[in-house]
Amino acid sequence: MNFVTSQGNNFTTSSNNMVQGTNFIANSTTMIASSNPPLSRYENQKRRDWNTFCQYLENHHPPLSFVQCSGAHVLEFLRYLDQFGKTKVHLQGCPFFGVPTPPSPCSCPLRQAWGSLDALIGRLRASYDENGGKPEMNPFGARNVRQFLREVRDFQTKSRGVSYEKKRKRPTSSTNNKQKETVVADGGDCSTE
C-alpha cells in the first residue's frame, strides 16, 4: 500500500516515487473545478445585471431592498443607465431626425438603445424570480415599465429612421404541405351552403 507523506513542497510515496506537490494540488483542483460547469454567457450577464441593479438600490436614498422595489424604481434605474448609452438619438428639432445615417455629427444625446434596455429588463425579470421575488410582484414586468419600453422603441424608430418590427417566423414547407393535403381531403370545395 502506498501512503503519501508531505516533505516540504513535495509529496513522496512509500515506494520513493516523487510527486510534485504543486502538480498534485493542481490536479486535485482541476478535478474539483471541472465538477462545476462554467456558467453560460447569458447566466453571467444576468448575474452582472442583477448585481448592478442591487448596487443601484443600495445607493438609492433611502436604500431599498429588491422586495421593496416598484416599477417606478425600475424606471429611475433605466433613466440612470441612459447616461452610459452609446446610441445617438436625434431630438425632434435636429436636422437629422429620422435619418438612419446622418452625414455629419450633431449635439443630440447618446442614450441606451431600445434593444439593450429590452434585453436588460428580460434578464432582470428572470433574476428577480430566481432571487426569491414573487412573480406576481415582479417590478420588471409592471405595466409602466412595459409602456416605457414601448415609448422608447417608438421614439427611437422615428428618431433614427430604423424599424424595430418583430421578426415573423415563416411557416415550414411541411406546414404548407399539410394545408394542401387538408384541402384535397375535403374535396377542395370552398362554397358555403
Side-chain angles (χ1 to χ4, degrees), residues 26-92 98 100 108-176 178-179:
N27 288 339
S28 65
T29 304
T30 303
M31 288 189 299
I32 292 170
S34 66
S35 66
N36 292 333
L39 294 176
S40 69
R41 182 172 179 245
Y42 172 78
E43 292 295 328
N44 279 328
Q45 186 65 52
K46 191 166 64 168
R47 188 179 66 228
R48 278 194 305 269
D49 292 340
W50 181 251
N51 289 339
T52 302
F53 182 70
C54 289
Q55 186 65 44
Y56 174 80
L57 291 179
E58 285 177 23
N59 294 334
H60 191 272
H61 296 290
L64 299 167
S65 70
F66 76 91
V67 178
Q68 298 170 314
C69 181
S70 70
H73 296 112
V74 172
L75 293 180
E76 283 178 22
F77 177 65
L78 294 177
R79 289 186 184 108
Y80 159 77
L81 289 179
D82 254 350
Q83 67 182 314
F84 307 111
K86 298 176 184 172
T87 302
K88 180 72 76 169
V89 179
H90 301 288
L91 302 176
Q92 288 185 339
C108 292
L110 294 174
R111 301 262 169 88
Q112 290 287 338
W114 167 77
S116 299
L117 293 176
D118 189 48
L120 171 69
I121 290 298
R123 290 188 299 268
L124 289 173
R125 190 173 185 174
S127 292
Y128 182 87
D129 294 342
E130 290 171 6
N131 285 287
K134 295 179 181 178
E136 62 274 5
M137 301 295 292
N138 194 327
F140 301 101
R143 169 178 264 143
N144 58 350
V145 173
R146 292 193 316 265
Q147 179 66 31
F148 175 80
L149 288 174
R150 221 179 348 261
E151 289 171 3
V152 168
R153 183 194 61 202
D154 293 346
F155 185 77
Q156 287 187 8
T157 298
K158 293 174 189 169
S159 167
R160 300 179 61 224
V162 177
S163 177
Y164 290 114
E165 291 183 20
K166 195 172 189 177
K167 295 179 182 175
R168 305 232 185 251
K169 292 183 179 179
R170 289 185 176 176
T172 61
S173 60
S174 64
T175 305
N176 289 339
K178 287 179 185 176
Q179 290 172 347

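The figures here come from the full heavy-atom set of this structure, side chains too, leaving out hydrogens, waters and symmetry mates.
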Test Leu124 against Val74 for side chain to side chain contact (heavy atoms under 4.5 Å, CB included), laying out the working first.
CA-CA 10 Å; Leu124 289 173; Val74 172; over 6 Å; no
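- Checking side-chain atoms of Asp118 against main-chain N and O of Trp114 turns up no donor-acceptor pair under 3.5 Å.
- We find the CG-CZ distance between Leu120 and Phe77 to be 5.5 Å, quoted to the nearest 0.5 Å.
- At least one donor-acceptor pair under 3.5 Å links the side chain of Gln83 to the backbone N or O of Tyr80.
- Considering only heavy atoms from C-beta on, Gln147 comes within 4.5 Å of Glu151 through its side chain.
- Looking only at side-chain heavy atoms (C-beta outward), Thr157 and Arg153 come within less than 4.5 Å of each other.
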Starting from the C-alpha separation in whole Å, work towards a yes-or-no answer on side chain to side chain contact (heavy atoms under 4.5 Å, CB included) for Ser159 and Val89.
CA-CA 6 Å; Ser159 167; Val89 179; 3.5 Å; yes
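- For His73, the ring-ring contact (aromatic ring centres under 6.0 Å, His included) partners are His60, not counting sequence neighbours.
- Remark: Gln45 CD to Thr52 OG1 distance equals 8.5 Å, nearest 0.5 Å.
- Gln55 and Asn51 form no side-chain donor-acceptor contact under 3.5 Å, judged by distance and modelled atom types alone.
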Side chain to side chain contact (heavy atoms under 4.5 Å, CB included) evaluation trace for Ile121 with Leu78:
CA-CA 9 Å; Ile121 290 298; Leu78 294 177; 4.0 Å; yes
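- The distance from atom CD of Glu76 to atom CG of Leu64, rounded to the nearest 0.5 Å, is 8.5 Å.
- Between the side chains of Arg47 and Asn44, at least one donor N or O lies within less than 3.5 Å of an accepting N or O.
- Contact detail for Gln112 and Ser116: the closest heavy-atom pair is OE1-CB, 4.2 Å.
- Ring geometry, Phe66 versus Tyr128: the interplanar angle exceeds 60°, so the pair is classed perpendicular (tilted spans 30 to 60°).
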Pairs of donor and acceptor atoms involving the side chains of residues 132-145, under 3.5 Å and at least two apart or interchain, shall be tabulated with distances.
{"residue": "Asn138", "atom": "OD1", "partner": "Phe140", "partner atom": "N", "Å": "3.0"}
{"residue": "Asn138", "atom": "ND2", "partner": "Arg125", "partner atom": "O", "Å": "3.0"}
{"residue": "Asn138", "atom": "ND2", "partner": "Asp129", "partner atom": "OD1", "Å": "3.3"}

Apply side chain to side chain contact (heavy atoms under 4.5 Å, CB included) to Arg79 and Phe148, showing your working.
CA-CA 10 Å; Arg79 289 186 184 108; Phe148 175 80; 4.0 Å; yes
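- From Phe53, atom CZ reaches atom OG of Ser127 across 10.5 Å, with rounding to the nearest 0.5 Å.
- Here the side chain of Asp82 pairs no donor or acceptor atom with the backbone of Arg111 at under 3.5 angstrom.
- By the 4.5 Å heavy-atom criterion applied to side chains, Tyr42 and Arg123 are counted as neighbours.
- Look at Glu43 and Lys46 and you find a salt bridge, because one of the NZ, NE, NH1 or NH2 atoms lies within 4.0 Å of a carboxylate O, short of that distance.
- Residues Tyr56 and Leu81 fail the side-chain proximity criterion, which asks for heavy atoms closer than 4.5 Å.
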